[in-house]
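Note sheet for the following structure.
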2 protein chains.
Amino acid sequence: MALRKDAQRNRERLVDAARAVFAERGLDVALDEVARRAGVSIGTLYNRFPTRADLVRAVFADRAETVVRIAEHALGTDDAWAGFTHFVEQVCRMQAADRGYNDLAARSLPQAAPTPEHVRGYELMTEVVERAKRSGALRPDFVLSDMAFVTWAITRTIEATADVDPQAWRRHLGFVLDGLRAPAAHPLPVPALTDEQVGRIMRDC
Amino acid sequence: MALRKDAQRNRERLVDAARAVFAERGLDVALDEVARRAGVSIGTLYNRFPTRADLVRAVFADRAETVVRIAEHALGTDDAWAGFTHFVEQVCRMQAADRGYNDLAARSLPQAAPTPEHVRGYELMTEVVERAKRSGALRPDFVLSDMAFVTWAITRTIEATADVDPQAWRRHLGFVLDGLRAPAAHPLPVPALTDEQVGRIMRDC
DNA sequence: GAAGAAGTTGAGGTCATGCTCAACTTCCTA
DNA sequence: TAGGAAGTTGAGCATGACCTCAACTTCTTC
């Protein structure tokens, strides 16, 4: 059975308000701020979204699709390395523009994915990485789980520098990418995290 | 006027307890946990350390000296690049061993430094970086404020992976250092943060 | 060893956030 | 358009952390 008309309107208002508030202040804002901004009572918020995660999911439901588009574009680029850097840069740009998405990226990189879009985004990201390795431009000892390091690093820099210099993350990303080129590679001291380990970390917030 | 004997003993107990609790759970633990562990009332804690920052300072007072020692050792190494990587690795190792110090590193890189030891640590760190650049091994466009990126990145990885794989940060650091070698350098898209900007970020938590 | 200075204590006030639920309102349907 | 289902409301309870202060204890000094 569908939602009643008023309920549907309230739901939309809540998601819109949450989108704005999350973008401004991150995923950990007090939820009554969201309710107030939506012009709705806190009870209605909890009625519609019993947990914060439900609300977060609703707000960022469409982002998986965006990631898919970015990855497809990256795979359409002739130069595999350019595709890889394009992918990373675009995702980082989304993070820099939205504190909520930045938080989300730090906590749940597409992984152990629920929706078909998430699965597809995950697969395409894998292919972006593998293709860049096959081309010889991305260092061969880089594996998918190492993307977590990239994400965490840039995420943290965005958090720290957003107020002072909103473009600073680009410089950090420059250093990071220079460390991922094949000619830059020196032996790594320890093996990669398993995908399972990364998944566990993400699940624990 | 000096502290009374019992007060001095309580102070020591508080600092010891705080050291242990911070190391285990980070700088943001509830302070009554510290008081409980010290076997002292919460009132005494506030009496001795009016703010959390006072307690943190007392706990980590000796660390500045340790950093100085590490930097001196680094500067004593013939190979400037080996000295630089040694310095970074040892500081990261300290962070990995102590969640409190890890938090501290993310928030206040030695900067706008209060004690003489801090000033000295800051100067030596500058020299470690400059020497590595002069040697031609560290990329010439790297500046001191870029150390903040390194610190934030490894800090975040340590936070995320400590429970799952306590050595994982070494792999991340491997990627980072490979991006800092001179031959790896590609032009950076934006200029560095100023030292003043980094200082402001640290001050705002 | 008496007196007062120094230090300790912990119950309790304050605040921010999460979350609930009984009374009320709106909507839909027959 | 009446009645009941669906949805809304917000005061209020719960929790947990911060911090205070008046009454109490311990130390030091003469």
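Within every chain, numbering begins at 1; the chains are lettered A, B, ... in the order of the sequence lines, protein sequences first and strands thereafter.
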Just how far, in rounded Å, is P of D/dC18 from CG of B/D54? 14 Å

Answer yes or no: does a side-chain N or O of A/R48 lie under 4.0 Å from OP1 or OP2 of D/dT8? yes

With respect to the phosphate group of D/dT8, does any side-chain polar atom (N or O) of A/N10 fall under 4.0 Å of OP1 or OP2? yes

Using whole Å, report how far CG of A/L45 lies from C1' of C/dT20. 14 Å

B/L14 has an atom CG; how far is it from atom P of C/dG7, in whole Å? 14 Å

Assuming nearest nucleotide by heavy-atom distance, tell me which of A/G39 and A/R4 is located more 5' along DNA chain D. A/R4

Should B/T44 be listed as having a side-chain N or O under 4.0 Å from OP1 or OP2 of C/dT9? yes

Measure from OH on A/Y46 to P on C/dA22 and round the result to the nearest Å. 18 Å

Could you check whether A/D32 gets within reach of a base, just the sugar-phosphate, or nothing at all, counting any heavy atom under 4.0 Å? nothing

Let me know the distance between CD of A/E33 and P of C/dC19, rounded to the nearest Å. 17 Å

From CG of B/D28 across to P of C/dA16 the rounded distance in Å is 18 Å

Minimum side-chain heavy-atom gap A/H86-A/I70 below 4.5 Å: yes

Taking the cut-offs as 6.0 angstrom to the six-membered ring centre and 45 degrees off its axis, would you call A/R63 and A/Y101 a cation-pi pair? yes

Does OP1 or OP2 of D/dT8 have a side-chain N or O of A/N47 closer than 4.0 Å? yes

With no hydrogens and no angle check, is any side-chain donor or acceptor of B/R120 less than 3.5 Å from a backbone partner on B/E65? no

So, A/N47 versus A/T44: side-chain donor-acceptor pair below 3.5 Å or not? no

Remember a base hit wins even if backbone is also touched, and classify A/I42 as base, sugar-phosphate or nothing at under 4.0 Å, heavy atoms. base

Whole angstrom is fine here: how far is it from CZ in A/R36 over to P in C/dT17? 9 Å

Whole angstroms only, please: what is the CZ-P distance between A/F49 and C/dG18? 16 Å

Measure from the side-chain heavy atoms of A/K5 and tell me the nearest of D/dT8, D/dC18, C/dC28. C/dC28

Backbone of A/V59 reached by a side-chain donor or acceptor of A/R19 within 3.5 Å: yes

Choosing from C/dG7, C/dG18, D/dG10, which nucleotide comes nearest the side chain of A/S41? D/dG10

Closest approach to the side chain of B/L31, judged atom by atom: which nucleotide of D/dC18, C/dG7, D/dG7 is it? D/dC18

Give B/D6 one of three labels, base, sugar-phosphate or nothing, depending on what nucleic acid heavy atoms sit under 4.0 Å from its own. sugar-phosphate

